Amino acid sequence: MDCTVSLSKKKISEITSQSIAYFLPEKFTAKDVKSLVKECGVDVATYLQDVKFTGAKGSLTVLPVLDGKHFTHLVFAGLGKKEAKKLCFETMRRAVGSAVKFAQSKKLETITLCLPESSLFDVASEEFIQQMYVIASVAGYKYDKFLPKTDNKEQKLAISLCLAEKDQKAGTKGQKLGSVIAESVNRTRYWIDTPPSQLTPTDLADHAKKLAKEHGLTCTVFDEKKIKELGMGGLAGVAAGSSQDAKFVILEYKAKKAKAATLGFVGKGITFDSGGLSLKPAQYMETMKEDMSGAASVINSLVAVAQLKPDVNVVGLVALTENMPGCSATKPGDILTFYNGKTAEVLNTDAEGRLVLADALAYAVKNYKLDCVIDVATLTGACLYAVGPFYTALLSDNDQLAGKVESSASRSGDYVWRLPFNDDFKAAVKSHIADIKNIGSPAIGAGTITAACFLREFTDDTPWVHLDIASTAFNVPNVSYFGKGASGSSVRLLIDLAINWKK
Ligand code: BES
Ligand code: MG
Ligand code: ZN
């Protein structure tokens with residue numbers, strides 16, 4: 001997209017990049033930089049001592065070296081302290097992020113990352129390379145479609161990964177995995193960053209169709225007429241105020257293995273959330289093109305799955321519509337009937353995510369024999385208050401599945417935090433004139449949890465996890481490898497879950 005990532009087998013002395021990044025743990029020794037001193041012919045140790053670079057977590061220093069004609073920027077990034085004899089892998093991801101962002105900010109065209117050995121972290125070789133590949137690509141992403149092109153040429157940052165000798169054997173496999181995952185994450189971000197009038201439900205469904213064809217996924221698209229015929233009153237009810245046709249997209253990946261488990265991924269795809277008649281204040285509407293993030297994650301994780309071909313079936317279902325206050329819009333007080341026959345009183349049209357997910361979840365559990373269903377949605381503003389921007393909120397009443405998702409989250413770096421979830425919260429969504437209502441109650445609060453209670457009405461007995469990515473999908477601050485705009489949260493997690501699924 002805005003960068004290319006490749007593996008390099010060069011020695012430091014052979015590297016011709018405009019920048020070379022080197023990663024050092026806290027209290028590194030002269031021995032750690034010895035090879036570098038020798039190979040690049042600079043007294044790096046003295047320089048690092050002079051600028052008091054200690055290898056602390058999050059630190060970065062740059063030494064420009066003139067080789068006669070050009071400067072090479074030697075970038076040093078800190079890896080922090082060891083804990084239980086291992087370095088923290090997230091610190092490594094962020095160090096890579098800082099190095100790549102440095103190269104980007106200086107408009108350099110090339111950077112080589114001299115990666116430390118995977119054994120310093122609690123990660124196997126292949127996984128390490130895969131993740132370094134992904135994080136370098138994520139850091140190199142920039143949404144610049146509408147910015148002027150300098151000198152009329154596309155400037156792409158070329159990132160080379162130089163592996164430690166012991167990791168080189170796993171290089172090819174790690175790179176292959178990494179490139180598939182990276183592409184899915186960045187495509188997700190690109191869709192989210194795209195202005196809302198340029199990515200309508202129809203556009204998004206078309207993208208899904210095209211990718212499905214390219215990668216051998218089965219793709220089914222229902223238009224609004226069919227959505228109404230099927231009785232998806234939630235999705236149709238949200239779509240009523242928009243001039244854009246709603247779509248319901250199903251992508252299916254079938255494993256070669258007979259009797260494979262089947263995972264269901266469900267995504268919220270509101271391509272723009274104005275709030276509907278319960279109109280959002282202007283400031284809250286500014287980023288609401290992000291409200292299709294869940295759907296984008298689901299579609300793109302299926303694209304990755306289709307390429308990685310794990311022994312598990314995966315079905316992706318996404319409900320796509322705008323939420324607009326047009327003259328036929330659903331009104332506060334209206335009651336909608338969903339695919340499974342349940343009814344809900346709509347008291348706030350801005351709580352539309354649960355209305356479209358209700359139909360998608362009900363459709364998923366009725367029409368597929370699922371071993372689990374996971375929905376991903378930018379569902380509640382309350383989520384950011386509950387868990388902050390570095391965690392996706394996880395809600396579930398199934399400990400076993402929640403545990404699996406938590407493992408995938410910590411392995412992939414796509415972090416989740418589980419919130420409480422039990423029947424006590426159900427009272428919040430009780431309605432006097434329908435099965436449920438689409439907002440919670442002040443006495444119970446906990447908007448993220450009560451939204452999940454609403455969804456639970458549509459998952460029957462299928463083990464279910466809800467991921468609220470309203471906290472993580474957009475404008476995550478201070479994490480070096482992200483930047484302003486979309487993060488692609490939950491894509492790495494969903495792919496990890498599919499490729500590592502065990503009964
Ligand atoms: N799309 C929003 C949630 C959101 C907020 C996502 C901020 C990302 C960032 C969702 O549709 C919404 O508006 N939810 C309401 C629910 C409320 C009316 C019960 C909210 O959170 O305010
Ligand atoms: Mg419409
Ligand atoms: Zn809303």
Side-chain angles (χ1 to χ4, degrees), residues 189 192-193 196 234-235 237-242 246 267-297 318-325 329-334 336 344-358 360 375-393 395 419 425 428-431 436-455 466-477 484-490:
R189 299 166 80 194
I192 299 168
D193 284 328
L235 178 52
V238 175
S242 161
K268 169 181 176 182
I270 303 296
T271 58
F272 185 71
D273 182 14
S274 71
L277 285 172
S278 313
L279 199 65
K280 282 184 185 293
Q283 219 188 338
Y284 290 98
M285 219 189 282
E286 284 175 10
T287 64
M288 279 305 128
K289 65 177 182 183
E290 69 169 290
D291 219 19
M292 35 56 76
S293 299
S297 292
V318 297
L320 308 175
T321 177
E322 289 183 334
N323 184 24
M324 296 291 279
T330 293
K331 305 163 189 77
D334 276 339
L336 302 175
E345 187 184 8
V346 177
L347 291 176
N348 189 318
T349 62
D350 196 11
E352 83 297 338
R354 64 199 77 185
L355 303 176
V356 308
L357 287 172
D375 76 78
V376 190
T378 45
L379 202 62
T380 63
C383 185
L384 182 63
Y385 294 89
V387 297
F390 312 117
Y391 294 90
T392 289
L395 296 105
L419 294 182
F425 294 97
V429 295
K430 239 182 111 53
S431 163
I436 41 175
K437 64 178 163 73
N438 82 329
I439 54 169
S441 79
I444 291 177
T448 303
I449 305 175
T450 55
C453 285
F454 187 101
L455 301 180
H466 163 56
L467 298 173
D468 194 334
I469 57 170
S471 48
T472 50
F474 206 79
N475 285 347
V476 173
K484 279 228 171 305
S487 69
S489 67
S490 81

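Being a predicted model, the structure only gives us computed values, none of them experimental. Counting starts at 1 for both ligands and their atoms, in listed order. No hydrogens, no waters, no symmetry mates; every other heavy atom, side chains included, goes into these values.
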Checklist entry - Are a donor atom and an acceptor atom from the side chains of T448 and T380 found within less than 3.5 Å of each other? => result yes
Item to check | Residue list, ring pair (Phe, Tyr, Trp, His ring centres under 6.0 Å) with F474, at least two apart or on another chain | outcome: none
Item to check | Donor-acceptor pair between T392 and T472 side chains, under 3.5 angstrom | outcome: yes
Next on the checklist: Check D291 with K268, please: is the shortest side-chain N to carboxylate O separation under 4.0 Å?
Outcome noted: yes
Checklist entry - Going from CG on L379 to CZ on F454, what distance comes out if it is rounded to the nearest 0.5 angstrom? => result 10.0 Å
Item to check | Neighbouring protein residues of ligand 1 - any heavy atom closer than 4.0 Å | outcome: K268, D273, K280, M288, E290, D291, N348, D350, A351, E352, R354, T378, L379, T380, G381, I439, A470
Next on the checklist: Under a plain distance cut-off of 3.5 Å, with no hydrogens placed, do E290 and T287 share a side-chain donor-acceptor pair?
Outcome noted: yes
Checklist entry - Can you tell me if K437 uses its side chain to pair, donor with acceptor, with the backbone of A428 under 3.5 Å? => result yes
Checklist entry - How would you list, by chain and number, every residue that makes a ring pair (Phe, Tyr, Trp, His ring centres under 6.0 Å) with Y391, sequence neighbours excluded? => result W417
Checklist entry - Under 2.8 Å from the Zn ion (ligand 3), which protein N/O/S atoms are there? => result D273 OD2, D350 O, D350 OD1, E352 OE1
Next on the checklist: Could you walk me through whether L279 and M285 satisfy the side-chain contact (heavy atoms from CB on, under 4.5 Å) test, starting with their C-alpha distance in whole Å, then the side-chain angles of each, then the deciding distance to 0.1 Å, before giving a yes or no?
Outcome noted: CA-CA 9 Å; L279 199 65; M285 219 189 282; 3.9 Å; yes
